[in-house]
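Report on the structure given below.
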Amino acid sequence: LMGASPMGRDLGPRVAGRLKTGLTADCTSLDIDEESGKVAWTRPAFGGNLMATILCPFTFPQIGPCRPGVNKKLEPDASRTAPVEKIDFVFPAADIRIKVIETIAEEGEKVDLEGADIIVSGGRGLGGPEPFDTIIKPLADALGGVVGSSRAAVDAGWIPHSHQVGQTGKTVGPKLYVACGISGAIQHLKGIKDASCIVAINKNPNAKIFKNCDYGIVGDVMEILPLLTAALDTGEKQPAPPMVKMKRMVPKKVTPPRKLYICNGCGHEYDVLVGDPENEVKPGTAFKDLPEGWTCPHCGESVDAFIEIEV
């Protein structure tokens, strides 16, 4: 595992090339495939329009650069230890073939979306670039937060890509996320799923974002955001716009079909999750990886006598 930073994106493929193994870049989610025991790497595909879960069953080690914010930081625990191997490495300066000639700083404001506790984001519902300066940034400043955006706003050229939140932008986990004029595309929802509290403001009552937030306000962001900002600026309690406590959807974990291998001779089932403890075959051993000479523990048939089924 390594960070999908500029350095990690450069180093990862070179290491994979030297080791002649595969690499899944820009991972946004990690899991374990129950049948094979291999890492299931999830990353955006087709321009972020769908999420692909990739298995690398044939070459090792498995390598995956992961985006910042994919996993929440744990509280420091001084009692935890791990073996650390320090390797001294010296590379002669004369052998370095690449030299930095000039560094050009990126223009515009730097945005730390991954480290922000509060994010106020705008989407296509803002209608143009001006509201980011006139209503989004003032609310973010009043809350002590930063400005984010949806992919649609970035693609329209309303705000730089550095502000983009979602699986094709930055994966975030703030304490408060305010989504303004954002409909709730799947890649955006995946990028904010770790936020502690999501407030959605949208004039479309059927917007997907309302099924994935903690509080929802149906209304025009152009009217609601200035009221919220004014209330925060004065410190005086103002009448709140109609707000409904929502129940955020919990995504169902989809269990993929499981394979069993049935002996034609006696009907014995070989289950990858169970293995064959009597013959020292560990749980998680794929059927194709059974030891040479393994036979059915009940009738002695060879592996050729087994058929594969899905349950």
Side-chain angles (χ1 to χ4, degrees), residues 3-6 8-9 23-31 39-55 64-72 111-116 118-127 129 131-132 136 140 145-174 176-202 204 206-214 216 221 246 248-254 256:
S5 61
R9 286 172 172 151
L23 175 142
T24 306
D26 270 355
C27 296
T28 56
S29 178
L30 304 176
D31 207 342
V39 178
W41 313 84
T42 299
R43 69 175 305 277
F46 293 98
N49 291 312
L50 61 82
M51 304 307 297
T53 298
I54 298 170
L55 300 180
C66 300
R67 289 190 182 183
V70 167
N71 297 308
K72 280 210 166 189
V111 186
D112 181 16
L113 290 169
E114 294 99 338
I118 298 173
I119 300 174
V120 181
S121 283
R124 193 194 303 274
L126 297 183
F132 279 99
I136 297 292
V146 299
V147 174
S149 76
S150 68
R151 176 181 173 179
V154 172
D155 288 348
W158 298 346
I159 192 168
H161 182 269
S162 58
H163 291 265
Q164 184 174 325
V165 174
Q167 290 197 304
T168 51
K170 300 288 176 62
T171 301
V172 299
L176 173 63
Y177 187 84
V178 184
C180 308
I182 294 174
S183 61
I186 185 63
Q187 63 87 16
H188 191 85
L189 296 176
K190 288 278 188 180
I192 64 173
K193 64 182 176 64
D194 290 327
S196 301
C197 180
I198 299 175
V199 176
I201 306 171
N202 200 301
N204 177 8
N206 298 315
K208 288 182 183 178
I209 191 74
F210 286 130
K211 293 183 179 179
N212 296 271
C213 68
D214 298 288
V221 293
M246 314 295 286
R248 203 191 304 187
M249 291 177 66
V250 178
K252 293 181 179 179
K253 188 173 179 65
V254 178

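- Taking every heavy atom of both residues into account, G123 and W158 meet most closely at O-CZ3, 3.7 Å.
- Residues W41 and C27 share a closest heavy-atom pair of CE3-SG, 3.5 Å.
- Side-chain contact check for V146 versus D112: every heavy-atom pair is 4.5 Å or farther apart.
- The side-chain heavy atoms of S121 and I182, taken from C-beta on, include a pair separated by under 4.5 Å.
- Here the side chain of H161 pairs no donor or acceptor atom with the backbone of G169 at under 3.5 angstrom.
- Taking every heavy atom of both residues into account, L113 and K170 meet most closely at CD1-CG, 3.8 Å.
- Residues I159 and V147 are in side-chain contact: their nearest non-hydrogen atoms beyond the backbone lie under 4.5 Å apart.
- Looking only at side-chain heavy atoms (C-beta outward), L176 and V199 come within less than 4.5 Å of each other.
- For the pair Q164/S150, no side-chain contact is recorded, criterion being any heavy-atom separation below 4.5 Å from C-beta on.
- Checking side-chain atoms of R43 against main-chain N and O of A25 turns up a donor-acceptor pair under 3.5 Å.
- Heavy atoms only, all atoms of each residue included: A45 and A52 are closest at CB-CB, 4.1 Å.
- Closest heavy-atom contact between Y177 and A195: CB-CB, 4.1 Å.
- Side chain to side chain, T42 and T28 fail the donor-acceptor criterion of an N or O pair below 3.5 Å.
- Inter-residue side-chain proximity for V120 and C180 is flagged as met; some heavy-atom pair is nearer than 4.5 Å.
- Taking every heavy atom of both residues into account, V154 and S149 meet most closely at CG2-OG, 3.2 Å.
- The shortest distance between side-chain heavy atoms of I198 and N212 does not fall below 4.5 Å.
- The distance from the CD1 atom of I201 to the CD1 atom of I209 is 11.0 Å, given to the nearest 0.5 Å.
- Proximity of I192 to P174: side-chain heavy atoms (C-beta onward) are nowhere separated by under 4.5 Å.
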